Amino acid sequence: SRTSPTNIGLSLLANLSAYDLGYLSAGKMLERTQLTFTTMGDLKKFRGHLYNWYDTHTLEPLPPLYVSSVDSGNLAGHLLTLSGGLNELKDAPIYTPVIFSGLLDTVRVMKRYTVKNAAIAQLEKDLDESPQTLQGALTLLQWVKQQTDSIGTSLADNNNEVQSWIQTLKKNIEDHIEELLHLAPWLHIYQPTPHEDLDGNLDEVISQIKELDNGLTLREVSQLDETICPLIEITLMRLSNLKNPSAKEHIISYLNLWLSNLHKAVSHASRRIQMIRTLIDQSESFANMDFAFLYSTSKKLFVIGYNVT
C-alpha cells in the first residue's frame, strides 16, 4: 500500500523492458507511462523531489516527510534512461519479430503447469517461426489466438495457475493484434489486387503497396501522406483514360480503400509521435530536481537526505 521514487522509476523501466522483450506493445507501454506520469504530477513534492514514501490509495506522502538523495538519484537516472528509450520509438519498426519470442516465453511458462499437451506443443512450434512481414505477423497472431482459445476451453477444468497463464497469453496476443491494426490498418484490406500492365502509374502504386508489407518505422508511417498517398491520388486522376469500365470501377474502389486506410495510419502514427514527444518532455521535467540543497560543500558529497518535517 506504499511506494517510493525508486519503485516508481523501476516500474517505468520495467514497462520499457517488457516492450523491448516482446511482452508488451509500444502502445500499451506508452499508455502505462502516461498514466504513471499523470499520477506523478498529482503527487506532493519538495523542490521537484518526490518524498520518500507515498500511500498508493490516497497518494499522500507518508510521515516523516523526507527527501532521499538515493531515491531521487535513482528516479532521475531512471527517467533519463526512459527518455532515451522513448526517443528511439519514433524510428523503431512498427512490427518486430521479438513479439513472438515474448509470446513463446509465456507458452513455455504455461506448459510447466500442464501435463503433456499436443496443442500446446504445436503452439510452441508455431511461435518458434517468426514471420518477417506485417501480413505474416497478423496471420500468425490470429491463428495463435484461435489455438489459445481452443486450449483454454479444453483446459477449463485445470488449476487456476494454468487458467491465469492462458488469460495472460490471450491478452498479450490481443494487444499485439490491436497494435498492428492501429498502425497498419491497411492489413484489413482483402480486396484482390488489380491486374498490372493496365497503367504505368498503377503498376508503380501496386509495387509500393506490396512493399509496405516488409514493414515501416513509426516515422515512415507518419510520412505516408508525402510518399505513396500522392502517387495514389495522381493515379486516380489518370484513370479517366482507362477504357475498361469494369476494371476501372474495381481499381477506383481498390485505390480509394487504400488511400483511406493510409490516411488513417498517418493520423495514428502522427498522434503516437506527438504522444512520445510529450512523454519525453514530461520525463525530463520530472528528472529536473533541485539537488543543490542536498550537496554538502564542506564535505563535497551529497548528504543521505533531507528531513522536510
Side-chain angles (χ1 to χ4, degrees), residues 1-93 96 98 101-102 105 217-219 271-309:
S1 61
R2 66 179 185 172
T3 192
S4 69
T6 297
N7 291 348
I8 293 169
L10 286 173
S11 72
L12 287 166
L13 289 188
N15 292 330
L16 181 63
S17 299
Y19 160 72
D20 285 338
L21 295 171
Y23 303 137
L24 196 64
S25 71
K28 284 295 180 187
M29 186 272 287
L30 292 170
E31 180 185 325
R32 291 185 181 187
T33 302
Q34 186 179 54
L35 290 171
T36 302
F37 280 177
T38 299
T39 302
M40 285 174 67
D42 292 337
L43 297 177
K44 292 176 182 176
K45 304 173 187 67
F46 182 81
R47 297 194 186 182
H49 292 261
L50 295 183
Y51 290 107
N52 209 30
W53 292 105
Y54 290 87
D55 186 305
T56 54
H57 298 291
T58 66
L59 302 184
E60 289 296 314
L62 297 173
L65 299 185
Y66 186 80
V67 171
S68 165
S69 300
V70 175
D71 266 303
S72 289
N74 286 343
L75 178 59
H78 295 155
L79 287 167
L80 292 174
T81 303
L82 175 66
S83 178
L86 291 173
N87 192 51
E88 290 180 0
L89 287 179
K90 291 181 285 189
D91 291 298
T96 55
V98 72
S101 298
D105 286 344
T217 66
L218 184 63
R219 194 186 303 276
R271 286 203 297 268
R272 173 73 61 86
I273 288 173
Q274 185 53 53
M275 181 183 187
I276 291 168
R277 287 174 179 153
T278 300
L279 292 175
I280 289 171
D281 289 343
Q282 287 180 297
S283 186
E284 292 175 353
S285 177
F286 282 129
N288 188 23
M289 309 168 203
D290 176 13
F291 279 90
F293 72 98
L294 294 169
Y295 186 73
S296 170
T297 54
S298 60
K299 296 179 180 178
K300 295 185 178 179
L301 292 170
F302 281 102
V303 297
I304 294 174
Y306 180 81
N307 193 336
V308 180
T309 306

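Keep in mind that this is a model prediction, so the values were computed, not measured. We're numbering straight along the sequence, starting at 1. Below, all heavy atoms of this structure are taken into account, side chains as well, without hydrogens, waters or symmetry copies.
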M275: partners by side-chain contact (heavy atoms from CB on, under 4.5 Å), with sequence neighbours left out: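 Once residues adjacent in sequence are excluded, the partners of M275 under the side-chain contact (heavy atoms from CB on, under 4.5 Å) criterion are L30, Q34, L279.
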side-chain contact (heavy atoms from CB on, under 4.5 Å) against S4, all qualifying residues, sequence neighbours excluded: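 S4: side-chain contact (heavy atoms from CB on, under 4.5 Å) contacts with T6, N7, W53, D71.
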Between [atom1] of [X] and [atom2] of [Y], what distance do you get to the nearest 0.5 Å?
{"X": "Y19", "Y": "N15", "atom1": "OH", "atom2": "CG", "result": "13.5 Å"}
{"X": "L21", "Y": "L16", "atom1": "CG", "atom2": "CG", "result": "9.5 Å"}
{"X": "K90", "Y": "T217", "atom1": "NZ", "atom2": "OG1", "result": "12.0 Å"}
{"X": "L86", "Y": "I280", "atom1": "CG", "atom2": "CD1", "result": "5.5 Å"}
{"X": "T33", "Y": "L13", "atom1": "OG1", "atom2": "CG", "result": "9.5 Å"}
{"X": "L79", "Y": "L12", "atom1": "CG", "atom2": "CG", "result": "6.5 Å"}

Specify the closest pair of heavy atoms between [X] and [Y], including all atoms of both residues, with the distance to one decimal.
{"X": "S72", "Y": "H49", "answer": "OG-ND1, 2.8 Å"}
{"X": "F37", "Y": "F286", "answer": "O-CZ, 3.6 Å"}
{"X": "G27", "Y": "R272", "answer": "CA-NH2, 3.5 Å"}
{"X": "L89", "Y": "A26", "answer": "CD2-CB, 4.5 Å"}
{"X": "D20", "Y": "V98", "answer": "O-CG2, 3.8 Å"}
{"X": "V303", "Y": "S69", "answer": "O-OG, 2.6 Å"}

Chi angles and distances behind the side-chain contact (heavy atoms from CB on, under 4.5 Å) call for V67, R47: CA-CA 10 Å; V67 171; R47 297 194 186 182; over 6 Å; no
Polar side-chain atom of T56 near backbone of S1 as donor-acceptor pair, under 3.5 Å: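 At least one qualifying donor-acceptor pair exists.
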Donor-acceptor pair, side chain of K45 and main chain of M40, under 3.5 angstrom: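 Answer holds: yes.
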By salt bridge (Lys or Arg N to Asp or Glu O under 4.0 Å) - contacts of D55 (at least two apart):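 If we apply the salt bridge (Lys or Arg N to Asp or Glu O under 4.0 Å) test to D55, skipping adjacent residues, there are no hits.
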side-chain contact (heavy atoms from CB on, under 4.5 Å) evaluation trace for L24 with M29: CA-CA 6 Å; L24 196 64; M29 186 272 287; 3.9 Å; yes
Verdict with supporting geometry, Y51 and V308, side-chain contact (heavy atoms from CB on, under 4.5 Å): CA-CA 9 Å; Y51 290 107; V308 180; 3.8 Å; yes
L35 atom CG, neighbour heavy-atom count above 12 within 6.0 Å: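 Above 12, so yes.
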Full working for side-chain contact (heavy atoms from CB on, under 4.5 Å) between L218 and I276: CA-CA 11 Å; L218 184 63; I276 291 168; 3.7 Å; yes
Qualifying side chain to side chain donor-acceptor pair (under 3.5 Å) pairs with a residue from residues 298-309, counting only residues at least two apart or across chains: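 Applying side chain to side chain donor-acceptor pair (under 3.5 Å) to every pair that reaches into residues 298-309, excluding sequence neighbours, yields S296-S298.
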Contact list for residues 279-292, test side chain to side chain donor-acceptor pair (under 3.5 Å), sequence neighbours left out: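 The answer is S83-E284.
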Minimum side-chain heavy-atom gap L65-F46 below 4.5 Å: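 Answer no - side chains too far apart.
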Residues that Y66 engages under ring-ring contact (aromatic ring centres under 6.0 Å, His included), provided they are two or more places apart: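 Applying ring-ring contact (aromatic ring centres under 6.0 Å, His included) to Y66 gives none.
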